[in-house]
Amino acid sequence: MTKPILYDQDNDTLQAVLKELGQPAFRLKQLEEGLYQHRYLDFDEFTTLPKSLLEALAERFTLFPIEDKNEIISRDKQTEKFLFKLQDDNLIETVLMHYEERHTACISTQVGCPMGCVFCATGQMGYTRNLTAGEILSQIIFCMRRLEADGKNLTNVVYMGMGEPFLNYEEVMSSIARLIDQKGLNFGARRITISTVGILPRIRQFTEAKSQVNLALSLHAPNDKLRSTLVPSNEFYPLKSLIEASKKYTDYTHRRVLIEYALIDGVNDTLALADELATLLHGMLCLVNLIALNPAQDGSLKGSPREKVEAFRDRLMKRGIQTTIRLKRGIEINAGCGQLATSQKGK
Ligand code: SAH
Ligand code: SF4
């Protein structure tokens, strides 16, 4: 039988449990220090707490709800990918990317995803369930511990792994609250990015929360006709409404929006489309992030070649749109969204 996850419990609940177990008030602080400052992965590590209390907690709760089942490191050692088993045996992925001065964790928010984007391995898997805030936080804590063992620190967290974060709004926001809380993981909001396919009501809700967390919008096409063939949800939330909502995010937060655009060979990578994209984004505070598509597993869609990616960037830049090219990372380790979990299913 699976137990409730300790990282899913709020302060009030923890306080009530400790009281029920006859513990003095200061135990809460000790417990929280163990969870968020030391980030212990095992009850045995909490040496400041009495053994009887640890046993009682272990009877009621799971401390760390994700089990590292498989790790793959890319040949250049720049990308590590972890496959985690959840308590109910579902699988999720977390990717840790190492840059010169940055270490970025790319975390999952759902098992699978219901949005069905045609180029996305997670989308093709279908949807199983939302992750809890504790399951989301555990991926971050795992990466923090991993880096700390090498004397390094996690610098960025991107909600860009498996799943659509804005379809799991409450748990995602609760994980972020704990991530940025000084008594939690004390991580800077500006170093966190949520990527969405464009769930309009949630973009608005997120905007009104006025957080300093970055917003990334996965666009992949500059007109509704093309976008709807790649991203089915475009039928419900068309481009114009998403661009308007993104501008409002900038008005409220003074932060630029990251526009993600995966270049698919012969599909969305012509210079005419770059021009159309420049027109669409005109006047918006944004940064376009281009990436050549990680090829779909059935081989039907391919990433654009380097020359086309660069030509697309150059055209956008010429039109005054700030653009960067995201390095393809860890292709040989299936680092594309959802690709490792797909390859491991049934193993
Ligand atoms: N559901 C959210 C976040 C997870 S996907 C979203 O769609 O934004 C994270 C990013 O990976 C998105 O920009 C998504 O479009 C992109 N992506 C998915 N499959 C990809 C692939 N095969 N190659 C390149 N990028 C991909
Ligand atoms: Fe879901 Fe994002 Fe993949 Fe689309 S790209 S299917 S929204 S995870």
Side-chain angles (χ1 to χ4, degrees), residues 79 81 92-95 97 104-131 136 139 156-169 172 192-200 202-203 206 213-221 226-237 242 245-246 257-265 267-269 286-304 309 312 324-331 333-343:
T79 310
K81 184 153 190 161
I92 54 160
E93 303 171 6
T94 304
V95 181
M97 292 168 283
T104 300
C106 176
I107 57 169
S108 293
T109 55
Q110 298 182 311
V111 180
C113 177
M115 303 310 284
C117 302
V118 298
F119 48 81
C120 172
T122 307
Q124 298 314 306
M125 232 179 247
Y127 168 76
T128 304
R129 73 167 172 89
N130 279 332
L131 297 187
I136 297 170
Q139 298 169 63
N156 299 77
V157 173
V158 295
Y159 285 69
M160 284 189 193
M162 296 166 71
E164 169 48 50
F166 279 172
L167 289 181
N168 186 12
Y169 193 81
V172 163
I192 306 170
T193 300
I194 299 191
S195 175
T196 180
V197 71
I199 311 296
L200 190 62
R202 296 290 89 75
I203 297 180
F206 178 67
V213 171
N214 299 292
L215 176 69
L217 180 62
S218 298
L219 223 57
H220 310 309
L226 179 58
R227 191 168 190 264
S228 295
T229 65
L230 301 171
V231 176
S233 63
N234 193 67
E235 298 282 355
F236 302 99
Y237 306 120
L242 297 178
S246 303
V257 176
L258 198 71
I259 300 290
E260 292 171 272
Y261 197 110
L263 286 160
I264 311 172
D265 198 19
V267 176
N268 62 356
D269 61 352
C286 65
L287 172 71
V288 176
N289 214 314
L290 299 174
I291 184 170
L293 188 86
N294 268 313
Q297 247 127 2
D298 65 3
S300 55
L301 298 172
K302 294 192 177 64
S304 305
V309 177
F312 201 91
T324 57
I325 297 177
R326 187 143 52 104
L327 290 178
K328 259 193 185 179
R329 282 180 162 265
I331 284 289
I333 62 164
N334 291 325
C337 177
Q339 293 181 336
L340 182 65
T342 304
S343 72

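Only this structure's heavy atoms are used, side chains among them; waters, hydrogens and symmetry mates stay out. In each ligand, atom 1 is the first atom listed, and ligand 1 is the first ligand listed. Just so we're clear, the structure is a prediction, and the values are computed from it rather than from any experiment.
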### Query
At a non-hydrogen distance cut-off of under 4.0 Å, which region of Met115 contacts ligand 1 (side chain, backbone, both, or neither)?
neither

### Query
Evaluating non-hydrogen atoms only, which member of Gly163, Pro165, Gly123 is closest to atom 8 (S) of ligand 2?
Gly163

### Task
Kindly give the heavy-atom pair with the smallest separation between Asn214 and Phe206, and that separation in Å.
O-CZ, 4.4 Å

### Message
With heavy-atom distances below 4.0 Å as the criterion, list the atoms of ligand 1 near Asn294.
### Response
21 (C), 22 (N), 23 (N), 24 (C)

## Note on the structure
Taken in chain and number order and not counting sequence neighbours, the residues that satisfy side chain to side chain donor-acceptor pair (under 3.5 Å) with Asp269 are Ser304, Lys308

### Message
Taking backbone and side chain together, does Cys120 place any N/O/S atom at a distance below 2.8 Å from atom 3 (Fe) of ligand 2?
### Response
yes

### Task
Report yes or no: does a heavy atom of Ser218 sit under 4.0 Å from some atom of ligand 2?
no

### Minimal non-hydrogen separation, Val197 against Leu242, with atom names
O-CD1, 4.3 Å

### Query
Which bit of Cys117 is near ligand 2, meaning a heavy atom under 4.0 Å away: side chain, backbone, both or neither?
both

### Query
Is it true that a side-chain atom of Asn268 and a backbone atom of His220 form a donor plus acceptor pair closer than 3.5 Å?
yes

### Query
At a 4.0 Å threshold, what atoms of ligand 1 neighbour a non-hydrogen atom of Thr196?
6 (C), 8 (O)

### Message
Would Glu260 count as a polar contact of ligand 1, with the cut-off being nitrogen or oxygen pairs under 3.5 Å?
### Response
yes

### Query
Which of the atoms in ligand 2, numbered in the order shown and given with their element, are less than 4.0 Å from a heavy-atom of Met115?
1 (Fe), 7 (S)

### Task
Search all heavy atoms of Ile136 against all heavy atoms of Ser108 and return the closest pair with its distance.
CG1-O, 3.9 Å

### Query
With respect to atom 1 (N) of ligand 1, which of Gly123, Gly303, Gly163 exhibits the smallest heavy-atom separation?
Gly163

### Message
Hydrogens and angles aside, do Glu164 and Thr109 bring a side-chain donor and acceptor to less than 3.5 Å of each other?
### Response
no

### Query
For Ala292 and ligand 1, does the shortest N/O to N/O distance drop below 3.5 Å?
no

#### Entry: Partners meeting side chain to side chain donor-acceptor pair (under 3.5 Å) with Tyr261 (sequence neighbours left out)
none

### Message
Can a donor-acceptor pair be found, under 3.5 Å and without considering hydrogens, that links the side chain of Arg227 to the backbone of Leu219?
### Response
yes

